Amino acid sequence: MLIARVEADRVRSLTGVSFEPDRGLTVIIGPNGAGKTNLVEAIFFGLTSRSFRTSDRRDLIPFGSSYARCRVTVSSRGVDHVFMASASRSEGNRFTMDGAKIEQSEAVLHRPKVTVFSPDRLELVKGPPAARRAHLDSFVAARWPSQAGVRSAFGRVLAQRNALIARIAAGQGDRSQLATWNSQFAEAGSALARSREQAVDELGERWEMAAEELGLEGPKGLSYRPGSATSAEEIQAGLEEKLENDLRLGRSSWGPHHDELRLEMDGRQLRRFGSQGQQRLGLLALLFAERESLLATGGSAPLMLLDDVMSELDERRRERLVERLLEGGQSVITAAEGELVPEREGIARVAIRDLTEAGAVDQTRGQST
Ligand SMILES: Nc1ncnc2c1ncn2[C@@H]1O[C@H](COP(=O)(O)OP(=O)(O)O)[C@@H](O)[C@H]1O
Ligand SMILES: [Mg+2]
């Protein structure tokens, strides 16, 4: 699956921008403030109806305008589908495929998986563990589609058990129901924890290699840290042990929803002790490890959207990055200067100025007719 065309009608500073990315690697070049990140966001928005920068899609509406809209044409074995996402102050959000409203669960079957690297995503490495757990779970879903439901299955049991615990804590609940929910929690929790362990086993070495290659020096490790446990029996026992604490707090205070995906360098957490640059490399390496695993196991390569990725890398590493991207799959990357991107055959270079000025001309024409 490839994206054949992007039409950012109106997204932030972009109006009437239309372009056809290469099947391989496209580099978008332009100075700061030119709209490169906005273009990457527009592609992501068109494909998913979401933004990786904000949870409020109205941020994408150009200043002084009433809506944002982007269309992305996805080509798969000769068949085209046009995805359209829009956000409007008066009409809310819309997401369609070929003109008909579509749900996320359906859309993912017809579009490539999208992987985004952007400075805004550093939170994934720096921030609290919840985002890393969610990220790992989405990798599990992509790598082992039959396990795609483990996260939400656990989430449902957790919500039920939490509700029961809160009722008991308030003196209203029925303690005899605890046994059922504990055992369901243990089963679902174990399935979830095991899927994450399996994902970390699969990604660990690839992450270390990619990180080394990109310039994260020294011993490294990726690990899943169950603060809880991974077998159903252990989880069950743990729940019983922690029960009084749970009742005091009024929620399930222990379990896979507190576990951690840990990225380490020199035996220390990248999250707490890494420099911003090292954290960037750690994140980038994680995204590459996932891509490599999907490619190696016969999955399709995700579309890589890498925003402002070159700035932190020295020349040799920029070369390795570009070589990796040229090995297969479609990617769109941005760079402030063309010189930051090594000369290689097969790279399509696009100046953002050409896209935005063409857009401005179209717009004037539109107004005069
Ligand atoms: N909703 C919006 N409407 C119009 N312009 C916006 C909006 N949000 C951000 N911008 C503008 O987009 C520009 C930044 O674009 P950006 O894609 O981040 O540039 P680059 O990544 O090339 O440095 C800024 O001038 C900012 O004011
Ligand atoms: Mg930018």
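Just so you know, these numbers use all the heavy atoms, side chains as well, and skip hydrogens, waters and symmetry mates. Just so it is clear, the model here is predicted, and its values are computed rather than measured. Indexing begins at 1, ligand by ligand and atom by atom, following the structure's order.
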[X] and [Y] ion-paired at < 4.0 Å:
X	Y	answer
R133	D259	no
K101	E103	yes
K36	E337	no

Handout entry: Identified salt bridge (charged side-chain N to carboxylate O under 4.0 Å, His left out) counterpart of E264 within the set K220, R225, R272
Key =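 Among the candidates, only R225 passes.
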Handout entry: Partner of E213 by salt bridge (charged side-chain N to carboxylate O under 4.0 Å, His left out), out of R324, R206, R318, R316
Key =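 The single option meeting the salt bridge (charged side-chain N to carboxylate O under 4.0 Å, His left out) with E213 is R324.
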Exercise for the section: Specify whether F154 and H257 have parallel, tilted or perpendicular ring planes, treating 30° as the upper limit for parallel and 60° as the lower limit for perpendicular. Expected result: tilted
Which is it for [X] and ligand 1 at heavy atoms under 4.0 Å: side chain, backbone, both or neither?
X	value
I352	neither
I61	backbone
P31	backbone

Handout entry: Is_contact(atom 26 (C) of ligand 1), protein non-hydrogen, under 4.0 Å
Key =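 Under 4.0 Å from atom 26 (C) of ligand 1, zero protein heavy atoms found.
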Practice task
Check whether any protein heavy atom sits under 4.0 Å from atom 4 (C) of ligand 1.
Solution key: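 Under 4.0 Å from atom 4 (C) of ligand 1, at least one protein heavy atom found.
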Handout entry: D59-ligand 1 polar pair, N/O distance under 3.5 Å
Key = yes
Problem - Distance-only N or O hit between ligand 1 and P62, under 3.5 Å - result: no
Problem - CD (E205) with more than 12 external heavy atoms under 6.0 Å - result: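 Not more than 12 within 6.0 Å, no.
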Problem - Rounded distance (nearest 0.5 Å) linking atom CG of L136 with atom CZ of R143 - result: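 Taking CG in L136 and CZ in R143, the distance rounds to 13.0 Å.
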Practice task
Would you mind listing which atoms of ligand 1 come within a distance below 4.0 Å of any non-hydrogen atom of A34?
Solution key: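 Those of ligand 1 that fall under 4.0 Å from A34 are 19 (O), 20 (P), 22 (O).
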Problem - Ligand-residue contact atoms, ligand 1 with G35, heavy atoms, under 4.0 Å - result: 15 (O), 16 (P), 17 (O), 19 (O), 20 (P), 22 (O)
Exercise for the section: May I ask you to check whether S118 brings an N, O or S atom to under 2.8 Å from the Mg ion (ligand 2)? Expected result: no
Exercise for the section: Determine, using heavy atoms of G30 and all atoms of ligand 1, whether some pair is separated by less than 4.0 Å. Expected result: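 G30: no contact with ligand 1 (<4.0 Å).
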Practice task
Check whether any side-chain heavy atom of T15 sits under 4.5 Å from a side-chain heavy atom of D9, and report yes or no.
Solution key: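 When only atoms from C-beta onward are counted, D9 and T15 do not touch, as no gap falls below 4.5 Å.
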Completion exercise
Heavy-atom proximity to atom 17 (O) of ligand 1 ranks first, among L14, V40, N38, for N38
Problem - atom 24 (C) of ligand 1 [closest protein heavy-atom partner, distance rounded to 0.1 Å] - result: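 Checked against all protein heavy atoms, atom 24 (C) of ligand 1 sits closest to G33 O, 4.6 Å.
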